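To start, the structure under review is shown below, and the notes come after it.
From a predicted model like this one, the values you see are computed outputs, not experimental measurements.
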Amino acid sequence: MKDASAQQDSSAVRTISIASLAVFLILAFFIKPSPFWLDAPEFMAASWQFGQVHPPGHPVAMPLIKGFMLMPFGNIAFRANLFSAFFGAVSSLVVGLMVFSIVRRTYQSISTQLSMAIGVAGTVAFGLCTSSVIQSMSVEIYSLNAALVLLASLFAMKAGSDARIAGLVGILIGLGLGNHHFLTILAIPGILLLSLDANGFAESIKRIWPGVALAVAVTIGVYAYLPARSAGWPTWTDASSLSGVIWIASAKIFAGSVGGFENTGLGLFDNASMALQILIDNISWVGLILAVMGLVYLAAKRRFYLAAGLALLVLGSLASKVVMGLLDPSNPDDHGYFAVAIATMVVLEGIGLAGILETLKLRLVSIVSVFAMMVLPLPIGLFTLSERANAVETSEVMEMVWQSAPPGSVALVSHYPIYFMTLYDQGIEGVRPDVTVVQQSFYSKAQKGTFYAQQIAIRDDDLGPLVRSFLESGELNWPLLSKLAKVRPVLLEADSELLVPHSDLVPNGWFFRIQNEPMQPTNPDDFLEELKQKIPGWPTLATETRRVIVRLLAASSTWLKSSGHLQAASNRIEAALELNPVDAAVLAIKKDLESQLPQ
């Protein structure tokens, strides 16, 4: 009987694995061979050149992404995006295995075949839900984070009875801490409770110490990547020093994101409501009810540690964003933060469904219910898959950025999505090596920007005097920029926080150019018309593209207004409102302009 049961279990695992492979192939089919906005191009550039990404440095993801980039098919961007699709599929596999394992051990009257079917439904339901699709289509660290946390959770359910498995859990947690320590730390209480499920508190505690030791050792080991690649490009700060490593690893630059509700006008209740809506969008109201019932069934079966552990995984993942000043359902990163919560809710959904089916014992109901669990989240997920597969605006926008840069120019870029795209274009595609692109603030929040500024001076001798002045004052020296503009074109991306003499600037496509001599006047509206013509689908654009362009139009309108181009400034604000009619900052600029325009 044991051999027959083991064979049935092996067959179920193979079937769930095939379902996760199908998820991977669907994701891979739709992957774009180009980077999306946000952090994706920075990850690609840093991984390809063994450089440094924004804090906390993500030292586990970087070499893994590099490994995918070396695969012998597709272009580099496609391979990098495949990294996220792969770990998204791995996460879906683990969800299915967790459902199957828990249902098999909790409901004795549920057959192996039905347990397997619920596991397959869980695999598909999570792998192709909206949030998982968003993270699986573009290179990021969140699908890897979900895979590591979920794998640790799966093995943790057996760790209390086997010290070797506890060691494996520790390794996975250590890798998680080296990938995204904040999200992994929030998952540890849930993982710990899951490890107590097998043998209870007293016996399990004795066996998990090897895992604790390995988690510490692996975490320390993976962060050695930061000083090892301190001389790479791109870079943020000097990782060859202990203070630099600590600054990067601590992600101190983002510490202000926790709390800060006074800056957004939102509160915990607002964020919790939006988090609940994201869960419903991914698993449906029916799935939410089934997940709650799953917790009730586990408690009724007296599997308290398991129920508490799964509940803490959900709450920890949700807390990662709910406690921050701004939760934005349109921001792909927020979906990544919630990935573990959504995956665990799918697991609980499967447990709740199994409990109902155990009670009803009706074959037709079982088939329909399992099918519904798998299908209900798919319409929104598949729509998201198609939408992101058809988003092509990044290349169109960047074409306009590069066209605005004269040969041999120095471009000071303020908006990180644009700057990260230039890192990708120059570092991987070899686009416009004649242009020196500088982050406009010299990464001043990264230990005052000292190391970044020094690296810029090494990369371009002409910027030496400007860098030395910045290191002394912490500010851009306008006379030195003007002096540099007499030697080569100097471009600035509009930024409402950068105080410059606007009378010395002329519009130059995406940028403003410092006048080194009287220049032929240009019509700022020409760029606006070209922008509308070249960006496909205007004004219905992908969320990230819309944000990039609205920011540019709003910032450049304030510079145009200061230089006397009131009508051109107004035209850009009207264009920004075509993209986002309710943007409060843009509406405020419009009101100010209306008071100055001639009636």
Side-chain angles (χ1 to χ4, degrees), residues 17-51 53 58 60-93 124 127-128 131-147 179 232-234 332-333 335-336 339 381-399 401-402 417 420-433 536 542 544-545:
S17 300
I18 291 171
S20 69
L21 176 61
V23 168
F24 172 70
L25 292 175
I26 291 171
L27 294 171
F29 178 79
F30 285 98
I31 282 177
K32 278 183 58 180
S34 59
F36 284 90
W37 294 112
L38 302 175
D39 302 331
E42 186 198 21
F43 280 124
M44 291 183 189
S47 297
W48 184 248
Q49 300 170 100
F50 280 120
V53 294
H58 309 295
V60 171
M62 292 299 98
L64 287 175
I65 295 171
K66 174 72 171 184
F68 274 82
M69 288 175 144
L70 295 175
M71 289 182 174
F73 52 82
N75 68 2
I76 291 175
F78 173 83
R79 298 174 220 156
N81 289 333
L82 200 65
F83 160 88
S84 285
F86 174 80
F87 284 105
V90 169
S91 298
S92 74
L93 168 63
V124 176
L128 296 179
S131 294
S132 182
V133 164
I134 288 173
Q135 289 306 313
S136 297
M137 291 290 286
S138 175
V139 60
E140 251 290 1
I141 53 85
Y142 298 108
S143 64
L144 173 60
N145 174 78
N179 181 57
W233 182 264
D333 282 4
H335 291 265
L382 293 177
F383 173 78
T384 304
L385 190 67
S386 174
E387 182 183 48
R388 293 186 74 80
N390 292 321
V392 296
E393 301 106 334
T394 50
S395 58
E396 302 291 343
V397 170
M398 291 310 297
E399 182 179 340
V401 171
W402 291 119
F420 290 163
M421 280 297 302
T422 66
L423 292 176
Y424 167 82
D425 281 348
Q426 290 190 317
I428 294 179
E429 300 295 344
V431 174
R432 297 298 303 272
E544 298 94 319
T545 305

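Note: Tyr424 and Phe420 fail the aromatic proximity criterion, with ring centroids not under 6.0 Å apart.
Counting only heavy atoms from C-beta outward, the side chains of Arg79 and Leu70 never approach each other to under 4.5 Å. Annotation: side chain of Asp39 is in contact with side chain of Glu140 (closest heavy-atom distance under 4.5 Å). At a threshold of 4.5 Å between non-hydrogen side-chain atoms, the residues Asn145 and Phe87 do not count as touching. In this structure the side chain of Pro417 never reaches within 4.5 angstrom of the side chain of Glu544, judged on heavy atoms. Counting only heavy atoms from C-beta outward, the side chains of Leu64 and Phe86 never approach each other to under 4.5 Å. No side-chain heavy atom of Leu38 sits under 4.5 Å from any side-chain heavy atom of Phe43. For the pair Lys32/Thr394, a side-chain contact is recorded, criterion being any heavy-atom separation below 4.5 Å from C-beta on. At least one side-chain heavy atom of Pro332 sits under 4.5 Å from a side-chain heavy atom of Gln135.
In terms of heavy atoms, Gly127 sits closest to Ser132 at O-OG, 3.5 Å. Residues Pro33 and Asn75 approach most closely at O-ND2, 2.8 Å, considering heavy atoms. When all heavy atoms of Met69 and Ala80 are compared, the closest pair comes out as CE-CB, 3.9 Å. Asn179 and Ile141 make their closest contact through ND2-O, 3.2 Å (heavy atoms, listed as atom of the first residue, atom of the second, distance). Across Met44 and Ala77, no two heavy atoms sit closer than the pair CE-O, 3.8 Å. Heavy atoms only, all atoms of each residue included: Ile31 and Ser136 are closest at CD1-O, 4.4 Å.
A distance of 10.0 Å separates CZ of Phe78 from CE of Met71, quoted to the nearest 0.5 Å. One distance of note links CD of Glu42 with NE2 of His58; it measures 8.0 Å at 0.5 Å rounding. For the atom pair Met137 CE and Ser143 OG, the distance stands at 12.5 Å (nearest 0.5 Å). The distance from the NZ atom of Lys66 to the CD atom of Gln49 is 8.5 Å, given to the nearest 0.5 Å. With values rounded to the nearest 0.5 angstrom, Ile26 atom CD1 is found 10.0 Å from Leu21 atom CG. Remark: Leu423 CG to Ile428 CD1 distance equals 9.5 Å, nearest 0.5 Å.
With hydrogens and angles ignored, the 3.5 Å screen pairs a side-chain donor or acceptor of Asn81 with a backbone N or O of Ser34. In this structure a side-chain-to-backbone donor-acceptor pair under 3.5 Å is present from Ser91 to Ala147. Looking at Asp425, its side chain never comes within 3.5 Å of a backbone N or O of Arg432 through a donor-acceptor pair. At distances below 3.5 Å, at least one donor-acceptor pair connects side-chain atoms of Ser20 with backbone N or O atoms of Ser17.
In this structure, a donor-acceptor pair under 3.5 Å is present between the side chains of Trp37 and Thr545.
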